[in-house]
Amino acid sequence: MDLGIQGRKAIVCASSRGLGKACALSLARAGCEIVINGRDREVLEATAKEIRAAAGVEVAAVVADVGEETGRKTLLAACPAPDILVNNNGGPPPKPFRAIRREDVLAGLEANMLAPIALVQAVIDGMVERGFGRIINITSSSVRAPIVGLDVSSGARAGLTAFLAAIAREVAKANVTINSIQPGAFDTDRLAAGMSKQAELRGVTLAAARAERQAAIPAKRFGRPDEFGQLCAFLASAQAGYITGQNILIDGGVFPGAF
Ligand SMILES: NC(=O)c1ccc[n+]([C@@H]2O[C@H](COP(=O)([O-])OP(=O)(O)OC[C@H]3O[C@@H](n4cnc5c(N)ncnc54)[C@H](OP(=O)(O)O)[C@@H]3O)[C@@H](O)[C@H]2O)c1
């Protein structure tokens with residue numbers, strides 16, 4: 001399917017690995033010029049090379065911390081007028097509710113709510129003027145259904161979701177859309193690190209911990225990052241101009257509601 005976004009410029013935050021990388025790759029395959037981002041230069045350069053080879057498009061690699069204002073300025077300097085913005089960042093570490101300190105909450109809000117809001121504010125008027133814009137936020141299924149230990153993550157991302165709901169309606173008439181994708185369990189480095197920790201804590205093998213978690217998912221497997229990336233590319237497509245202010249769950253059927 002031709003997504004109608006060939007030559008569009010996209011900033012994909014936190015995209016040297018995992019879900020962000022999958023989004024960058026899918027957008028590149030759709031013909032977009034991409035700015036990718038991460039803090040580790042070596043990993044980021046390797047990803048840029050991989051995407052260039054796979055898609056034959058221009059890929060700029062920006063080493064920056066998207067959680068910091070200077071980092072965001074560097075990203076915007078590399079692509080001052082993006083048509084597509086994918087907001088992503090590392091997630092707050094899991095922590096028991098009673099151990100969460102004020103600083104943990106503030107750090108989570110900064111990384112997963114305030115950073116994406118700042119980027120949306122920086123790019124939205126240009127998108128409106130140009131009559132095309134697609135903003136996609138990577139949030140989490142935990143916004144919709146609680147996950148014990150991820151309170152900071154869920155709270156910050158729910159805040160982001162509500163914060164952007166009104167502006168999404170305001171800019172819809174200019175063909176600018178704002179949507180979020182809520183991932184369930186996807187097989188990325190973050191998931192692998194979490195699984196290793198859990199296996200260690202519970203004294204079971206990593207294979208046993210993975211099998212148990214997958215057995216609890218109706219699809220009986222973890223999501224593949226490329227499945228996530230392709231959903232992101234569709235939301236960024238020309239065809240998706242009538243989808244806005246939505247939160248798309250992609251979780252292999254874990255959420256039990258019909259709506
Ligand atoms: N995977 C899942 O199952 C799942 C489920 C629900 C929600 N999520 C959320 O989705 C997001 C992506 O998850 P993932 O699984 O793709 O994680 P991942 O595999 O750990 O990849 C994270 C990516 O973000 C980059 N990054 C992290 N912090 C950054 C920062 N401050 N500035 C710039 N880049 C940064 C990392 O590169 P560097 O480390 O080099 O900076 C890496 O490229 C996270 O917020 C996560 O909580 C994931």
Side-chain angles (χ1 to χ4, degrees), residues 11-26 34-48 50-51 61-76 78 86-95 107-116 118-119 136-147 149-158 160-161 180-198 210 213-214 216-217 219 221-229 231-232 247-252 254-255:
I11 297 178
V12 187
C13 304
S15 49
S16 56
R17 293 181 281 118
L19 302 180
K21 175 181 173 180
C23 294
L25 192 54
S26 292
I34 307 285
V35 174
I36 60 167
N37 157 245
R39 293 162 303 174
D40 183 312
R41 181 177 297 278
E42 219 173 294
V43 177
L44 187 69
E45 292 293 352
T47 297
E50 193 184 322
I51 297 176
V62 175
V63 180
D65 185 335
V66 74
E68 291 180 358
E69 198 182 339
T70 48
R72 291 190 290 275
K73 277 193 178 146
T74 314
L75 260 177
L76 290 165
V86 180
N87 271 318
N88 187 31
N89 201 348
K95 209 165 189 183
L109 290 174
E110 192 69 52
N112 299 108
M113 181 177 174
L114 304 186
L119 282 169
I136 295 124
N137 307 297
I138 300 181
T139 62
S140 173
S141 63
S142 75
V143 170
R144 196 177 293 239
I147 298 176
L150 289 183
D151 314 274
V152 173
S153 168
S154 311
R157 298 178 202 273
L160 174 69
T161 304
S180 296
I181 307 181
Q182 301 176 328
F186 274 79
D187 216 351
T188 64
D189 290 353
R190 177 176 164 89
L191 183 106
M195 293 267 62
S196 299
K197 210 170 164 184
Q198 270 185 31
R210 282 178 65 93
R213 177 96 186 264
Q214 290 180 85
I217 299 170
R221 64 175 178 87
F222 294 133
R224 294 190 311 268
D226 69 287
E227 295 174 306
F228 188 96
L231 173 57
C232 175
N247 296 285
I248 318 286
L249 188 62
I250 175 166
D251 71 347
V254 171
F255 183 73

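If you're wondering where the values come from, they're calculated on a predicted model, not measured in any experiment. Read the numbers this way: they start at 1 and go in the same order the structure lists the ligands and their atoms.
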I'd like to know if the side chain of R72 and the backbone of V66 have a donor-acceptor N/O pair within less than 3.5 Å. yes

If you have a sec, work out which protein heavy atom is nearest atom 11 (C) of ligand 1 and how many Å separate them, to one decimal? N88 OD1, 3.2 Å

Can you check whether G18's main-chain N or O pairs, donor with acceptor, with D189's side chain at less than 3.5 Å? no

Close-contact set for ligand 1 against A64 heavy atoms, below 4.0 Å: 32 (N), 33 (C)

Option of least heavy-atom distance to atom 14 (P) of ligand 1 (set: L191, V62, T188): T188

Looking only at protein heavy atoms, what sits closest to atom 3 (O) of ligand 1 is F186 N, 2.7 Å

Is the side chain of D251 donor-acceptor paired with the backbone N or O of F255 at a distance under 3.5 Å, no angle test? yes

For ligand 1, which atoms have a heavy atom of A185 less than 4.0 angstrom away? 3 (O)

Ligand 1 atoms nearer than 4.0 angstrom to some heavy atom of D65 are 30 (C), 31 (N), 32 (N)

I'd like to check which ligand 1 atoms, numbered from 1 as shown, lie under 4.0 Å from a non-hydrogen atom of G184. 2 (C), 3 (O), 4 (C), 5 (C), 6 (C)

Name the option, out of R190, E68, R39, that contains the heavy atom nearest to atom 20 (O) of ligand 1. R190

Can you find an N/O atom of L19 closer than 3.5 Å to an N/O atom of ligand 1? yes

If you apply the rule salt bridge (charged side-chain N to carboxylate O under 4.0 Å, His left out), what do you find for R221 with E227, and how did you get there? CA-CA 13 Å; R221 64 175 178 87; E227 295 174 306; 2.7 Å; yes

Does ligand 1 have any atom sitting under 4.0 Å from a heavy atom of R157? yes

Would you say the side-chain atoms of N112 pair up with the backbone N or O of A156, donor to acceptor, closer than 3.5 Å? no

Within the 4.0 Å heavy-atom shell around G18, which atoms of ligand 1 are there? 16 (O), 19 (O)

Shortest protein heavy-atom distance from atom 43 (O) of ligand 1, along with the residue and atom involved: S16 OG, 2.6 Å

Say whether, by atom type as modelled, one donor and one acceptor occur between the side chain of N89 and the main chain of A111 under 3.5 angstrom. yes

Who passes side chain to side chain contact (heavy atoms under 4.5 Å, CB included) against S153, sequence neighbours left out? P92, S142, L150, R157

Does an N or O from S140, backbone or side chain, lie closer than 3.5 Å to an N or O of ligand 1? no

Not counting sequence neighbours, which residues clear ring-ring contact (aromatic ring centres under 6.0 Å, His included) with F222? List them please. none

Among the heavy atoms of T47, does any lie under 4.0 Å from an atom of ligand 1? no

Which is closest to atom 25 (C) of ligand 1 in terms of heavy atoms, A111, A14, P93? A14

Exam field: side chain S180 to backbone N247, donor-acceptor pair closer than 3.5 Å: no

Among all protein heavy atoms in this structure, tell me which lies nearest to atom 45 (O) of ligand 1, with the distance rounded to 0.1 Å. N89 O, 2.6 Å

May I ask you to decide if G223's main-chain N or O and D187's side chain share a donor-acceptor pair within less than 3.5 Å? no

Within-cut-off N or O pair, V66 and ligand 1, under 3.5 Å: yes

